[in-house]
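Note that the structure is predicted; figures quoted are calculated from it, not measured.
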Amino acid sequence: MEAVADVLVGLVAALHVYILVLEMFLWQGRRGRAFHGFDAEMARATAPLAANQGLYNGFLAAGLVWGLVAGDPTGFRAQVFFLCCVIVAGVYGAATANRRILVAQALPGALALAAVLIAR
């Protein structure tokens, strides 16, 4: 079960690296605009906000990777902490921005957290 938990944590980390890239570097491009349905003007106007969000997603990814490579008990604690942060961010994003964030961010985080706790 520990291998399954590690894979799920790695996938959540990879998701947050993808979000970092999308929000920091691709936001004003075709892919970034299509993802949120923004026109070029809206993407340009919101780019600084998106880059800030992307940076925070990068911190979540870094924390999850740290949790994967650190020995226990630090690795376990880091995974639990950063997965809880992912879930809170997903729930808040769903409540304030778009409900699909609940499925795209909070659900994978919750599944990974459950696996980490079960594997422990």
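- Under the side chain to side chain contact (heavy atoms under 4.5 Å, CB included) rule, Q79 has a single partner from L117, V12, V116, which is V116.
- Annotation: ring-ring contact (aromatic ring centres under 6.0 Å, His included) contacts involving residues 33-66, sequence neighbours excluded, comprise W27-H36, W27-F38, H36-F38.
- Listed by chain and residue number, C85 satisfy the side chain to side chain contact (heavy atoms under 4.5 Å, CB included) test with F81 (two or more places apart in sequence, or in another chain).
- Atom-to-atom distance recorded for I87:CD1 and L102:CG is 10.5 Å, nearest 0.5 angstrom.
- The salt bridge (Lys or Arg N to Asp or Glu O under 4.0 Å) contacts involving residues 49-60 comprise nothing, where partners must be two or more places apart or lie in separate chains.
- Taking each heavy atom of A78 and G63 in turn, the nearest pair found is CB-O, 4.3 Å.
- Listed by chain and number, the residues in a side chain to side chain contact (heavy atoms under 4.5 Å, CB included) with A62 amount to none (sequence neighbours excluded).
- For the side chain to side chain contact (heavy atoms under 4.5 Å, CB included) test, residues two or more places apart in sequence or in another chain that qualify with A115 are M1, A5, L8.
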Enumerate donor-acceptor pairs with a distance under 3.5 Å from any side-chain N or O in residues 18-26 to protein atoms, sequence neighbours excluded.
unit_1 : atom_1 : unit_2 : atom_2 : d
E23    : OE1    : G54    : N      : 3.0
E23    : OE1    : N57    : ND2    : 3.3
E23    : OE2    : Q53    : NE2    : 3.4

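- With hydrophobic clusters built from ILVMFWY side chains whose heavy atoms lie under 4.5 angstrom apart, V65 does not share a cluster with F82.
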Determine whether V86 and L64 satisfy the following criterion, side-chain contact (heavy atoms from CB on, under 4.5 Å), listing intermediate values before the conclusion. CA-CA 10 Å; V86 165; L64 292 171; 4.3 Å; yes

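- Among residues at least two apart or in separate chains, salt bridge (Lys or Arg N to Asp or Glu O under 4.0 Å) pairs with a member in residues 48-73 are D72-R120.
- For R77, the side chain to side chain contact (heavy atoms under 4.5 Å, CB included) partners two or more places apart in sequence, or in a different chain, are P73.
- Residues L113 and C84 come closest through the heavy atom pair CD2-SG, 4.0 Å.
- Residues passing the ring pair (Phe, Tyr, Trp, His ring centres under 6.0 Å) test with F76: none are found, sequence neighbours excluded.
- Taking D6 as the reference, nothing meets the side-chain hydrogen bond (donor to acceptor under 3.5 Å, both in side chains) condition, with sequence neighbours excluded.
- The side chain to side chain donor-acceptor pair (under 3.5 Å) analysis of residues 87-100, with sequence neighbours excluded, yields no pairs.
- Heavy atoms only, all atoms of each residue included: Q28 and A43 are closest at CG-O, 3.8 Å.
- The salt bridge (Lys or Arg N to Asp or Glu O under 4.0 Å) contacts involving residues 34-49 comprise E41-R44, where partners must be two or more places apart or lie in separate chains.
- Connection of V9 to V80 is established within a shared hydrophobic cluster, with ILVMFWY side chains joined at heavy-atom distances below 4.5 Å, either directly or through further cluster members.
- When all heavy atoms are compared, the tightest approach of H16 to A61 is CB-CB, 3.9 Å.
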